[in-house]
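Each residue takes its place number in the sequence, starting with 1. Keep in mind that the numbers below use all heavy atoms, side chains included, and drop hydrogens, waters and symmetry copies.
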Amino acid sequence: MDTRKEWKKAGKKSLKAHYWIFITVCLLAAIIGTEYEGSLEFFSADKDNFKVVKQAKDSKKVVDRVIEEGSTALPSTLDERLSENILVALAKGDKNKIEKKIAENEKKEQQKKDNIGGIISLNHQKGVLANIVNKVSSGAVIVTVYSAILSIVKDNNWASFIFVSLATLIMIALWIFLVNVYKVIMKRIFMEGSTYEKVQFNRFLFLSRVGRHFKVSKAALKWTVYETLWSLTIVGYFIKHYAYFMTPYILAENPDMTGSEAITLSRQMMYGHKWECFKLDLSFILWDILGWSTYGLVTFFFVAAYRESTFVQYYKYIRQQAFDHKIENAEMMNDKYLFVKADKEVIKSAYPDVREVKQEGTELPKEKGFKGFIAKWFGIVPTMNEYEWEYRRIQTNKAKIKNLEDAIDEKAYPRRLFTLSEKEKGSRESSMLYTRRYCVISIILMFFVFCFIGWGWEVTLHLVEKGTFVNRGVNYGPWLPIYGTGGIGALLLLTRIKKHPVVTFFASIVFCGLIEYITGASLLAKHGARFWNYSGYFLNINGHVCAEGLLVFGVACIACIYVIAPVLDNRFSTLSIKKGIIICAILLSVFIADNIYSSKYPNLEGMSPKSRAQYLKNNPDAYKYQLWNVLGIKNTQKKYNTKK
């Protein structure tokens, strides 16, 4: 394979086989600033920003205008997001002026109320996400850090110097240990994809697993510094850029090499091939123009990954040329199985333990009828018996070989055949097996644990924010059924997809969103008052659900499914059936009684003050029927009494 046509054809084939992971790799490269930043232009394009850049001949004029005229010198988005201008003002020591402007910016952000169809609000006045959005967009984060430094050093000039120095050091560290190193990781993933059918997402941690992240960062720094210095000369830039072109590929194949070794080998490999590489690079010019004309969309969805796949094929060609011409140190490119699949006997000898586990058998006779249907689709079994314990043992064995079976079947890169020892993720023990099935007693007890965790979470939040203890929720007991329903519902209804954590996360968000919306709407319709209100929160729907809450629910469900539920089940599975039934019966009896009573006389303390006032207006004697009053535990008449 030695023509551009063939390299590109092979690159397209590789891209087609691994489209989504390749797109993800390039997207991350664009986000962190490694390569292809222009592919994100569509998502940040603002015509007013372009107008400012076009009008200003250089950055100095923009800075001068900000200093002289203030924020009014910049229109639209740049007027509201003044991070750059704030840095200028802080450097001048004009802290009071900029804090005043930040307050104005935050006020503007809070006044925004962009609705979609009158239902979905993009408002961000409240909540954790809103605080992040408002602080970042107004520049308050910068001032907060600066103020902290100023409070220590007591001098504006020194505070500005320290702030800029710290910011510079952080940017340099990110550049050395993330931006540069990611280029090597990126090449590695594309190289594995050029040979094998599957590329696992854990390959993003390739350098960490072989313990060479810092060594590669040092090597990458050296090649970047060399190339940057050469770029100061026009001729040197074009020559040295292509002379060093293979350095990241070489480090991706053998991360144990030093920067000098990789650079020298790249120069030797590219001797006589720089013009050829330049022409291959130039052959993408029309694609680049198309990407530019679509504000990066074409680059994002195709060109970036296509280019990377093609140059991996070119590296294969140059690598083979190096071996054919016996270039000095070519043997250091020693990852034999990166481009050629290993023989089955070699694979077999490298993975003997996995073969043994497979031979033990990983299947049991399938259960039939209604019981089998429930077990298969919802992961529910009546009780733990010998069959279920054997099922868990087999599932544990399956988990043990899950990350290795693709290599055994020659579908993925055989990590055990790499020249450097790669850390393998330990197989999940039976105690953390998330593909298990749960008995009825365990499910009931976990429901109450989730309800209590949710109650404790909301009580704690209110205690921290308001400084007072409030019994949250409609019920009187220490439980919030919506959390238990969401946790158990996600655990059971997502049984068939929980082998895919990313899919499970988004499915959990949808499921919990439906539960929360239906519950909130039902309570509002029944009692004429809201028990929670997300109006003013970022991306809320009729005040019943919001992005912040759904993200929290999504993370919580992931924690429940993969960590909390297995841990709790280990404990509950040890209970005898008799003890389990007694405990469940007591909890269910109290819970049902609480729900029956609170459905007619809801817990007023759990409402927001505004909702409680509305409810008491419609039901002026409601405080008399509060459970604590009925039981004579405490008198809430004075607390909730309203003027008539």
With heavy-atom distances below 4.5 Å as the criterion, would you say the side chains of [X] and [Y] are in contact?
X      : Y      : result
Arg209 : Arg415 : yes
Phe447 : Thr485 : yes
Ser598 : Asn475 : yes
Val567 : Phe572 : no
Thr495 : Trp377 : no
Tyr597 : Asn603 : no
Ile564 : Phe450 : yes
Cys560 : Tyr434 : no

With no hydrogens and no angle check, is any side-chain donor or acceptor of [X] less than 3.5 Å from a backbone partner on [Y]?
X      : Y      : result
Asp594 : Gly477 : yes
His213 : Ser208 : no
Asn619 : Ala622 : no
Arg437 : Ile380 : no
Asn629 : Tyr625 : no
Ser573 : Asn570 : no

*Stepwise, does the ring-ring contact (aromatic ring centres under 6.0 Å, His included) test hold for Tyr483 with Trp455?*
CA-CA 8 Å; Tyr483 285 88; Trp455 178 84; over 10 Å; no

Nearest heavy-atom pair of [X] and [Y]: which atoms, and what distance?
X      : Y      : answer
Pro481 : Asn595 : CG-OD1, 4.5 Å
Tyr615 : Pro602 : OH-CD, 3.3 Å
Phe204 : Ile185 : O-CD1, 3.6 Å
Cys439 : Pro382 : CB-O, 3.8 Å
Ala375 : Val381 : CB-CG1, 4.2 Å
Leu433 : Arg436 : O-NE, 2.7 Å

For [X], does the [atom1] atom have more than 12 heavy-atom neighbours from other residues, nucleotides or ligands under 6.0 Å away?
X      : atom1 : value
Ile32  : CD1   : yes
Arg496 : CZ    : yes
Tyr19  : OH    : yes

_So that I know where these two stand, are Phe452 and Phe448 an aromatic pair - ring centroids less than 6.0 Å apart?_
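No, too far apart.
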
Could you verify whether a donor N or O on one side chain and an acceptor N or O on the other, from [X] and [Y], lie under 3.5 Å apart?
X      : Y      : value
Tyr517 : Asn542 : yes
Glu605 : Tyr476 : no
Tyr534 : Glu516 : yes
Ser442 : Asp569 : yes

*If the plane angle is over 60° it's perpendicular, under 30° parallel, otherwise tilted; pick one for Phe591 and Trp479.*
perpendicular

*Relative to the ring of Tyr391, is the ring of Tyr387 parallel (under 30°), tilted (30 to 60°) or perpendicular (over 60°)?*
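Judged by the thresholds at 30° and 60°, the geometry between Tyr387 and Tyr391 is parallel.
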
*With Lys371 via salt bridge (charged side-chain N to carboxylate O under 4.0 Å, His left out) - residues at least two apart*: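 Salt bridge (charged side-chain N to carboxylate O under 4.0 Å, His left out) check on Lys371 returns nothing, list empty.
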
Let me have the donor-acceptor pairs involving side chains of residues 502-513, under 3.5 Å, with sequence neighbours excluded, atom names and distances please.
{"unit_1": "Thr504", "atom_1": "OG1", "unit_2": "Ile497", "atom_2": "O", "d": "3.0"}
{"unit_1": "Thr504", "atom_1": "OG1", "unit_2": "His500", "atom_2": "O", "d": "2.9"}
{"unit_1": "Thr504", "atom_1": "OG1", "unit_2": "Tyr562", "atom_2": "OH", "d": "3.3"}
{"unit_1": "Ser508", "atom_1": "OG", "unit_2": "Thr504", "atom_2": "O", "d": "2.7"}

_Euclidean distance, Leu523 CG relative to Ile482 CD1, rounded to 0.5 Å_ =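 The distance works out to 8.5 Å.
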
*Is the shortest distance from a Lys or Arg side-chain nitrogen in Glu197 or Lys411 to a carboxylate oxygen in the other one below 4.0 Å?*
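Judged by the 4.0 Å cut-off on N to carboxylate O distance, Glu197 and Lys411 do not form a salt bridge.
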
